[in-house]
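Notes follow the structure.
Ligands are counted one by one from 1 in listed order, and the atoms in each one are counted from 1 as well.
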Amino acid sequence: MVAIRDVRGILTAPAGINLVVVKVETSEPGLYGLGCATFTQRYLAVEAALMEHIRPLVIGRDSDRIEELFQLMMINGYWRNGPVLNNAISGVDMALWDLKAKRAGMPLHDLLGGRCREGAAVYRHADGRDPKEVEDNVRRFMEEGVRYVRVQCGGYGGVRHDGDRPEGAPEGAYYHPRRYTRAAVAAIEHVRNRIGDEVELLHDVHERLFPAEAVELARELEKFRLYFLEDLLAPEDLEWFANVRAVCATPMAMGELFNHPREWTPLITGRLIDFMRMHISQMGGLTPARKVAALGEIYGVRTAWHGPGDVSPVGHAMNVHLDLVCPNFGIQEFSGFSDATREVFPGCPELRRGYLYPHRSPGLGIDLDEKAAARFPCTPHVQTWSQARLPDGSLHRP
Ligand code: MG
């Protein structure tokens, strides 16, 4: 058997975003696997969960028994399905899949059944201070061959709102829900009218609205034929998706904040969403992701895995291998890699004319240059964008 000899968390921030990558080393010299464990806002907690709790649990065990090890890591701590532990588990789980595909001498997508498409279509993020600037940015992506673009006007929650605060209101990321929805509708309408139907448009609400406002926005956007509307509701308000379905046909994408199977299962089996877009490391890795992808296939729900800058390139590689093998793949979010990121992670997936392709070497096809990674250390900081506040100064979900 090929035993797990060691497990290490490698922290690096080549693009200024704190990433956690897990390296699982084996009893076979030079044979190792990589996995993504990035929960960027709490990266040190993930490292501690990995090194203090998961590492001693898995060392010496058979690296081939991925399902057994996933179940063991999930239930051994008794309390489960929290974001910190799930990410630590994911780092090991993905690394074990990487290892197994390397030993089989095939790219991971071949081990998973073989690809049913050659590349994964991506969506990119266009923003702007006004509708014209948004249009210009959408056109720039279209010139690069991108056919799906997320349209925002002024970032999440729209342009910062600084008026109307009560005395003594604390600092924060202030926004105004009504101004936000007006600006978002205006920008989407402008882009649709100016560019036409040659581009698929998406929009991310980022759970910034109260449920009734969210239902109203979904209905108002129906006529612009979005590819999907993302995170319209907070995970705390999932029952409201039934209200959305009752009033409009705007496609719903949900799930980047999900941790627990009880969050995604009712939405999929109830056919209340159209796209599942979990952050795969947040779910616990490839093992749970491929199961829920298959559930979605049965119920007509497509995949759109979370793919921002706070998924490590190892996580992006995992996303694209899964994209190639799932018949119910929908779209892949993608935010691009910096030169420094490519240097730290040789073998990053490549974007060409709107399609993302994995490196075809065995396993995930991506490596980590630890010397280069050490040149970009993670830095702790208190995050400000997730201190979203309504005009009266009260906190809102970010
Ligand atoms: Mg999002």
* To do: Among Ile, Leu, Val, Met, Phe, Trp and Tyr joined by side-chain contacts under 4.5 Å, find the other residues sharing a cluster with Leu390 and list them by chain and number.
  => Tyr175, Phe210

* Asked: Side chains of Gln282 and Asn259: donor-acceptor distance under 3.5 Å anywhere?
  -> yes

* Asked: Under 3.5 Å, is there a donor-acceptor pair linking the side chains of His381 and Thr379?
  -> no

* Relative to Tyr174, does Arg165 satisfy both conditions: NZ or CZ under 6.0 angstrom from the six-membered ring centre, and within 45 degrees of the ring's axis? -> yes

* **Protein N/O/S neighbour count - the Mg ion (ligand 1), strictly under 2.8 Å** => 3

* **Joint hydrophobic cluster, Met276 plus Tyr148, side-chain heavy atoms closer than 4.5 Å** => no

* Asked: So, Glu144 and Arg352, do they make that salt bridge, N to O below 4.0 Å?
  -> no

